[in-house]
Every structure is written in structure tokens, then in C-alpha cells.
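Here is the structure we will look at.
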Amino acid sequence: MHRPLIPHHSGQPGPKHRVSVLLRLLQQLHVPSFHYFCCMSIVNIIQKNVTESLSDLFNQPFSEKDFQINQTKPEFEGDYTVVMFSLVKALKLSPDAIGNQLGEKLTSSYPDLFTKFNIIKGFLNLTISDVYWTTLLTKNYNNNCYGRKEMNGKKVMVEYSSPNTNKPLHLGHLRNIFLGWSVAEILKVNGYEVIKSCMVNDRGIHICKSMIAWRKFANGATPQSTGIKGDHLVGDYYVRFENELKAQSQILVNKIKMADLCDFSGAELEKLDKLLIALTKLDEIKDAEKITKLHDEIREVARNNTQIMAEAKQMLLDWEEGKPEVIELWKKMNSWVYDGFDTTYKRIGSDFDKIYYESDTYLLGKDIVQQGLDNKVFFQKEDGSIWIDLTAEGLDEKIVQRKDGTSVYITNDIGLAVQKYEQYKIDQSIYVIGNEQNYHMKVLQLICKKMGMPNADNIFHLSYGMVELTTGKMKSREGTVVDADELIDEMVATTQKLTEELGKVKDFSPAELKDLYDIIGLGAMKFYLLRVEPKKTMVFNPEDSIDIHGFSAPFVQYTYARIRSILRKEAANFEALLANTNETETTGNLLPLEKEMIVNLEQFPTALEQACAEFNPSVITNYVFDLSKTFNSFYDQHSIAKAESETKKQLRLQIVGMTANTIKSGMQLMGIMVPERM
RNA sequence: GGUCCCGUAGUUCAAUGGAUAGAAUAGAAGUUUCCUAAACUUUAGAUGUGAGUUCGAUUCUCGCCGGGACCA
């Protein structure tokens, strides 16, 4: 199993902790169980009541950890189940005996909450009174803040997206962006103050490559002159560079294989000699894997010795020296890229509170290196390079400054980590970065710890899995990268086609239609990328992603649209319901699907807490889907407009209203809008 | 060579150590005089493998097999 790099929320109370504090408080106040359900989940209430009852019955202390509470399986009678097995040892009684005593105690002590119980094979099934459910519904059906927590005074920074400026955004970035944005929103509703940040890698050899190719081949082409989106234009020249590099290196590789090494000297000459000798030996053994590896190494040497690569390297040096014409070109091309990114961010509804540029932060690590040397956390090798020894922690030695005095990524990252804490006084720093950086982030945190940074434990790497295609992995060299802009356009276009086929919104204006296609198309894409647990590698299947049936955003959106349709038709009745400040008269007799709806709705706050504790938006996708599915059955079976009685109608209108609010809140956390009609 | 992650229906995903492992898709069969059929109902189908811990394991531990990532 995956272990988090650090315990979640270490050093600060998480939601569960807060709940238990609240619980203790309420216990001390002796508040009758029935009157605080507005701020406690039913599971928490049962936990508390069971704990108290057990202590009373058996004259010894119990805690909520001594037993488990599950939702009762549909094939048994009851709503929630207490699992008795774990109590057997301590009490030296049979599960059924404990269950019987506990069941009697609960139903007699809390008759307004527990109406019935039964015991099957050591499982105590409790039936919660209909009055509990209807009261909960009446209190919350029009509460737009349902599930939202009070501010807790904690500040969290979530860093995500973090693109390079040499290529447009792709599918992998989308998973990153949606995850980061959604986690930030989930933290907010759970009471955290959140700063969304982005680290732009605007400096380095990659951008120099685009610049070289642009200068050589573009004839001054700009986004304006070509009509090409800025990030794509710059990306095109990056590809152009790579093609030229490939052509040039191929010539060199051919020469090398002919044993013509006149272009090389010194260490590289030696290395190539060795490689060629190894290759002839291996050719006889026929170890295909090793042969490929040797060919790769030869190609790598060749790539590094091409004319065009030399130009790129020179440009990086010129950039570092601040050569005016290089800086000017760099600024110009980066600005094109930023314009392009902004367009995409705007389209998908993403935003940042703070943007860091690597060109500003890449020198931040210098002081850290000196500090590390002073503290003897780092050491210097004979060649002048500076390292940290992490072998005691089961890792390797890691370089923190090259022999030429230039910094490496990890050092810059440490510098920025410190700066984030100093600038914003944050309690936790979350990095949404792919799992290929697991090692890097582990090292980062370890170094921070060794440097004695007080907040080192509160760095959290939200590591997510790669997005693969049904045909395999995305590889830029093979041109199988799925471009974000193209994908968005495609999803929206598919939505349009489908909507036109169904023909339900023919009266919409062109602007309304455009909005609707965006809401559904973008929603489908976000939902599809968020519905898988973050750390898992996921497969992107173009057909599935556009599929609007089943576990998808359009399914949930459709449910919402149907509800809105009901509420439009029943507007007068719903208004009357809202105006009526008296508690609605409850029927005390809920039908199975009515109850199932309320039980589902009751779980929303718990889902929000779980999503927050796990930094996992898929908890919300699962929740809203389940809720929608249950609602669709409910809708199919029970008429709202033509309910059996006036009280039934009121009850159902409440269910409908609360479902709409809950779906909307849940989807909002993922940046997914819900349409009034579709 | 070392470290880490992942193996669940044909496919894509669920399941705080709990009852007969849930969904969705694709397959088969149904439901429109009635609140939006982008829906609903029925049906068939899965824990890679071998041990261990436990009253009880998809979940925890160890070995193996398979897929992936990173470090050197």
C-alpha cells in the first residue's frame, strides 16, 4: 500500500479531530442527543450513544474505537449497524448477548432516535426514527451552506499546474489542474484559507530550444501574424528544434557507427570508444535490451554534440548573463505562451492567487547551500560540488550544487519552500505533482527536515498517477500527446452534436447554447479525470470520456436539470413551503426511497470531510453520482407534483430541493456547473 | 543493483479488517396516455499467486508472478 510521505495534516487537527473535540464538549454539556444532529453526523451520534450505553451497561470505559458502525446492507432491516465482534473479548459475552443488551439499552434510552433493532450473526442493526430523518430534511432542505464548515484559522497553499513554457498544456496537465483546483475548493469548504499557486518553469534549456528554432526558421512569425495560439506557436518551434536536432544527431550517429570519431575529443571520445567496444561484444551475445541501451547512449552523446544543441546551450549561458537581445526574445516568446495559457485557464475555469516564475526563484537556493555547509548538513567534494548524504534514510547521496557553482532543481525548490512559509505564514504546503517526482519530493522534504525547518513536516506531495491512453503512454517524441485545447474543443463539439440530436433546447439562444455545450462538455471532462483516486494511474479512453451515460457529469447534470424543471413547475408550492416558518408536519412514515434519499443527503458533510482528509475529489464524484442515481429511481417511482397527499408533496419537494442544492455544491467543488435545462 | 507505486467482471472504476465484493459501460430482455427516456427495471459476469496474522482479509505482513515510475 501507498504510504503518504508524511501523515496527513500532521501537526494540526484534521476534521476527525475537530469532531471528537466537539463530541467531548457536547458530552460535558449533557446535551440531549436529539438536538445537535444539525452539527453531528448520524454516525457520530450513534458512536456517542453506543459508547455511553456500553459504559453504563458494563461499568467500564469505552471509546468509539472499540466497535464499528456501518450502513446496514439493503437486504437487512435497519439503517445503521453496530459490529459487535470486537467487544466479545473484552466483555467475555457472545456477540448476540451484547447486541441484545445494547439494543435494549439504546431503544429505551433514546426512544426518539432508535425505534427498532435486530441482531443477525453478531451485527446489531438499528432503525433510526423517521422523525429524525424528516427533521434533518426540514432543517436543511434550503440550506445553501449545507456541509460547509466554519473557518478554522488554518492557511494552506496548494501549488498545481506548474507548466513549462515551451509547450502547450496537455491531458496530463488537465488532471493536475483539475485536481489542484478541486482540492483547493474542498479545503475551503472544510474551513481552510487557501492560496492557489502555480510555479512556472520559464527558464532553462527547453525554452532556449524553442527560441533557437524560432530565430532560425520562423521569419518573425507571431501569434498575431499566423493566428496561432501563442503557446501552440512556441510549442511548434520546440518540435521544429527537436526535428532538426534529430536530423543533425542522426548524421553524427551514422559517423560514429562507421567508427568515425573525428568530431569528438576528450572524455566523450573515450566514452564512445568504450560504447563501441561494448556494442561489438554484445552483438555477439545478442542481449537486445542492453544493445538498445548502448544505442541510446551513443545517440545521447551525438545529440549533445550537434551544432543546434550547442547553440541552445550558448543561448542559456547568454540568458544567464542577461544578454539584452536574448532576454528580449525570451520575454516576447514567454508572453505569447502566457497569453495562450490564460486563454486555456479561463476556458476551464482555473485560476491562481499567486504565480511564481522560476526565473525569479532559481537563485533562492544559494543561501540554503551556504547554510547547509555551515550546519554541516551538506558536504563538499574535491571537485567543489556540494552534496547531502541521505544514505542513513535509505536514499542516496544527492547533489545540491554543481561543481561550477550552478544550482540544481532541488536547491531552488528548497529556497521556494522556505519563501512560501515566510511570505504567507501558511500552515501547510501542498504540491500537486505527478508520481514520477515521488523521489524528488521525498528528498526535498528530507533536506528541509535536516535543515531544521520548522514546517518541514507540513509539506505534502499530492502525488497523482499518469494519464495513459488505451494505446499506451503519451510520448511527445511519438506525437501521441493529447493536446488540452484540442480535447476541450472535441468534447464541446460532441456535446453540441448530441444535444442537437435530442432536440430538447431548440428555443435556446445561440449564446445560451454555447454556454450549455461548455457546461456539459467541460463538465464531462473534469468529472472523467477526477473520478479516479488521484494516486492511481488512469486510462484515458476518448470514447468513454465523452460518454454521457452512467458515471459521468452529464448524468448528474441531467438529474439536476430535471429537478430544476420540477421546481419551476411547482414554484408556487415551493415558495409557500419556504415561506412557511412552522415546522412541516411530518408523516412519520417514510417510503423506502424517500428515506434512502434523506440518508444519502445526510452523508454529504461526511463526504466533504473525507475528501478533505484524503485530498481526494473522487470521493465527491462518487457521492454526487450515488445521490443522482438514487434520485433517478426515486423520481421514477414517486410523483412529486401528484403526490398521494399534501404532506407527501411537501416532503418530496423538500427532498427535491435539498438534492438540487447538494448536487450543485458537490459539482461546484470540482468546477463543474449544472444547467437549468438540458 | 536499490527504492516506491499498482494488479478486482470483457473494459473503466468502487469498497474506515465485517454480512451474499458494489457501480458504470459493453452483452441479453423489458418500461413513454403521467413531473425532461441524456432516465428507469430485470439479467449474466471479477479479488494475479502462495503462505501468515485474525472470530473474519480485496484491505494488514512476507514470498512469488505481472505492469509502471524513479534513483544509481
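Protein chains get the first letters and strands the later ones, always in sequence-line order, with residue 1 at the start of each.
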Exercise for review: Output yes when at least one side-chain N/O atom of A:His549 is less than 4.0 Å from OP1 or OP2 of B:A39, else no.
Suggested key: yes
Point to revise | Chi-based syn or anti call at B:U32, which uses purine or pyrimidine torsion atoms and a 90° bound | key: syn
Review point. How close or far is atom C1' of B:A39 from atom CZ of A:Phe625, stated in whole angstroms?
Key: 12 Å
Check your understanding: Of the nucleotides B:C70, B:G18, B:C34, which one has an atom closest to the side chain of A:Val83?
Key -> B:G18
Review point. Between A:Asp636 and A:Ser633, does any side-chain donor sit less than 3.5 Å from a side-chain acceptor?
Key: no
Exercise for review: Select base, sugar-phosphate, or nothing to describe what A:Asn573 touches, counting heavy atoms under 4.0 Å on all strands.
Suggested key: nothing
Exercise for review: Sticking with atom P, work out how far B:U16 lies from B:A21, rounded to a whole angstrom.
Suggested key: 16 Å
Check your understanding: Can you tell me if CD on A:Glu543 sees more than 12 non-hydrogen neighbours from other groups inside 6.0 Å?
Key -> no
Exercise for review: Determine the Euclidean distance between corresponding C1' atoms of B:C62 and B:U53; express it in Å to zero decimal places.
Suggested key: 11 Å
Check your understanding: Quick one: is A:Asn438 getting a side-chain N or O under 4.0 Å of the B:C70 phosphate, OP1 or OP2?
Key -> no
Check your understanding: Can you list the residues that meet the side chain to side chain contact (heavy atoms under 4.5 Å, CB included) rule with A:Asp396, with sequence neighbours excluded?
Key -> A:Tyr439
Practice item. Indicate whether the side chain of A:Tyr464 and that of A:Asn176 have a donor and an acceptor atom separated by less than 3.5 Å. Key: yes
**Study point:** Residues A:Thr630 and A:Asn600: side-chain donor-acceptor under 3.5 angstrom
**Key:** yes
Review point. Is the shortest side-chain N/O distance from A:Ser565 to OP1 or OP2 of B:U36 below 4.0 Å?
Key: yes
**Study point:** Distance, rounded to the nearest Å, where A:Asn632 contributes CG and B:C40 contributes P
**Key:** 5 Å
Point to revise | Integer-rounded Å distance: B:G17 C1' and A:Gln68 CD | key: 6 Å
Check your understanding: Which whole-number value in Å describes the distance from A:Gln637 CD to B:U42 P?
Key -> 9 Å
Check your understanding: Has A:Ser633 got a side-chain N or O lying under 4.0 Å from the OP1 or OP2 atom of B:U41?
Key -> yes
Practice item. May I ask whether A:Phe85 stacks on the base of B:G18, given the cut-offs of 5.5 Å between ring centres and 30° between planes? Key: yes
Review point. Crowded around A:Lys403 NZ? As in, over 12 foreign heavy atoms under 6.0 Å?
Key: no
Review point. How would you label the contact of A:Ile69 with the nucleic acid (heavy atoms, under 4.0 Å): base, sugar-phosphate, or nothing?
Key: base
Exercise for review: Kindly say whether, by distance alone, the side chain of A:Ser618 makes a donor-acceptor pair under 3.5 Å with the base of B:A14?
Suggested key: no
Check your understanding: Would A:Glu500 and A:Gln496 count as having a side-chain donor-acceptor pair, cut-off 3.5 Å?
Key -> yes
Check your understanding: OP1 or OP2 of B:C6 less than 4.0 angstrom from a side-chain nitrogen or oxygen of A:Lys535, does that happen here?
Key -> yes
Review point. Looking for any heavy atom pair under 4.0 Å, which part of the strands does A:Thr81 touch: base, sugar-phosphate only, or nothing?
Key: base
Point to revise | Closest listed nucleotide, where the reference is the side chain of A:Asp544 and the choices are B:A37, B:G18, B:U12 | key: B:U12
**Study point:** Nearest listed nucleotide, side chain of A:Ile640, among B:A19, B:C35, B:A39
**Key:** B:C35
Practice item. Might you confirm whether atom NZ of A:Lys664 has over 12 heavy atoms from other residues, nucleotides or ligands at distances under 6.0 Å? Key: no
Point to revise | Partner of A:Phe123 under ring-ring contact (aromatic ring centres under 6.0 Å, His included), chosen from A:Phe67, A:Phe85, A:Phe76 | key: A:Phe85
**Study point:** Pairwise P distance, B:G45 and B:G63 [rounded to whole Å]
**Key:** 36 Å
Check your understanding: With rounding to whole Å, what would you report as the distance between B:U20 and B:U61 at their P atoms?
Key -> 25 Å
Practice item. Check the distance between B:A19's P and A:Gln71's CD and give it to me in whole angstrom. Key: 13 Å
Check your understanding: How far, in whole Å, is B:A24 from B:U3 if one measures between their C1' atoms?
Key -> 36 Å
Check your understanding: Should A:Arg562 be listed as having a side-chain N or O under 4.0 Å from OP1 or OP2 of B:A37?
Key -> yes
Check your understanding: Using atom C1' of each nucleotide, how far apart are B:C6 and B:C13 to the nearest Å?
Key -> 14 Å
Practice item. With the side chain of A:Phe555 defined as its heavy atoms from C-beta on, choose the nearest nucleotide among B:A24, B:C4, B:C40. Key: B:C40
Practice item. Would you classify A:Met538 as touching base, sugar-phosphate or nothing, given that sugar-phosphate means primed atoms plus P, OP1 and OP2, and contacts are heavy atoms under 4.0 Å? Key: sugar-phosphate
Study note, to complete from the structure: Sorted by position of nearest nucleotide on RNA chain B, 5' first, the leading residue of A:Lys73 and A:Val532 is A:Val532
Practice item. Looking only at side-chain atoms of A:Lys536, point me to the closest of B:G7, B:U12, B:A39. Key: B:G7
**Study point:** Euclidean distance for C1', B:C64 against B:C55 (whole angstrom)
**Key:** 29 Å
**Study point:** Shortest non-hydrogen contact between A:Lys526 and A:Met670, atoms and distance
**Key:** CD-O, 3.5 Å
Point to revise | Protein-nucleotide distance (A:Glu397, atom CD; B:U3, atom P), rounded to Å | key: 17 Å
Point to revise | Nearest-angstrom distance from the residue atom OH of A:Tyr635 to P of B:C34 | key: 11 Å
Point to revise | Spacing of A:Leu502 atom CG relative to B:A37 atom C1', expressed in whole Å | key: 10 Å
Practice item. Tell me yes or no: between the side chains of A:Asn438 and A:Ser463, is some donor less than 3.5 Å from an acceptor? Key: yes
**Study point:** Options B:C6, B:U12, B:G18, nucleotide nearest the side-chain atoms of A:Asn70
**Key:** B:G18
Check your understanding: P atom, B:C71 versus B:G52: distance in rounded Å?
Key -> 39 Å
Exercise for review: Please determine, for the side chain of A:Lys629, which listed nucleotide (B:A19, B:C4, B:C40) has the closest atom?
Suggested key: B:C40
Exercise for review: Output the single nucleotide from B:C35, B:C4, B:A37 whose closest atom is nearest the side chain of A:Lys442.
Suggested key: B:C4
Review point. Taking for each residue the nucleotide of RNA chain B bearing the nearest heavy atom, is the 5' side occupied by A:Ala641 or by A:Leu395?
Key: A:Leu395
Check your understanding: Within less than 4.0 Å of OP1 or OP2 of B:U36, is there a side-chain N or O belonging to A:Lys569?
Key -> yes
Review point. Hey, does the side-chain of A:Asp626 have a donor or acceptor N/O within less than 3.5 Å of a partner on the base of B:A24?
Key: no
Practice item. Assign A:Tyr439 to base, sugar-phosphate, or nothing according to its heavy-atom contacts below 4.0 angstrom with the strands shown. Key: sugar-phosphate
Exercise for review: Would you indicate what A:Glu543 reaches in the nucleic acid, counting non-hydrogen atoms under 4.0 angstrom: base, sugar-phosphate, or nothing?
Suggested key: nothing
Exercise for review: Could you provide the dot-bracket string of RNA chain B, using ( ) for intrastrand pairs, [ ] for crossing pairs and | for bases paired to another strand, with Watson-Crick or G-U pairs below 3.5 Å?
Suggested key: (((((((..((((....[...)))).(((((.......)))))....(((((..]....)))))))))))).
Point to revise | Under the salt bridge (Lys or Arg N to Asp or Glu O under 4.0 Å) test, residues paired with A:Glu676 that sit two or more places apart | key: A:Arg564, A:Arg568
**Study point:** pi-stack flag for A:Phe123 and B:A19, centroid dist under 5.5 Å, interplanar under 30°
**Key:** yes
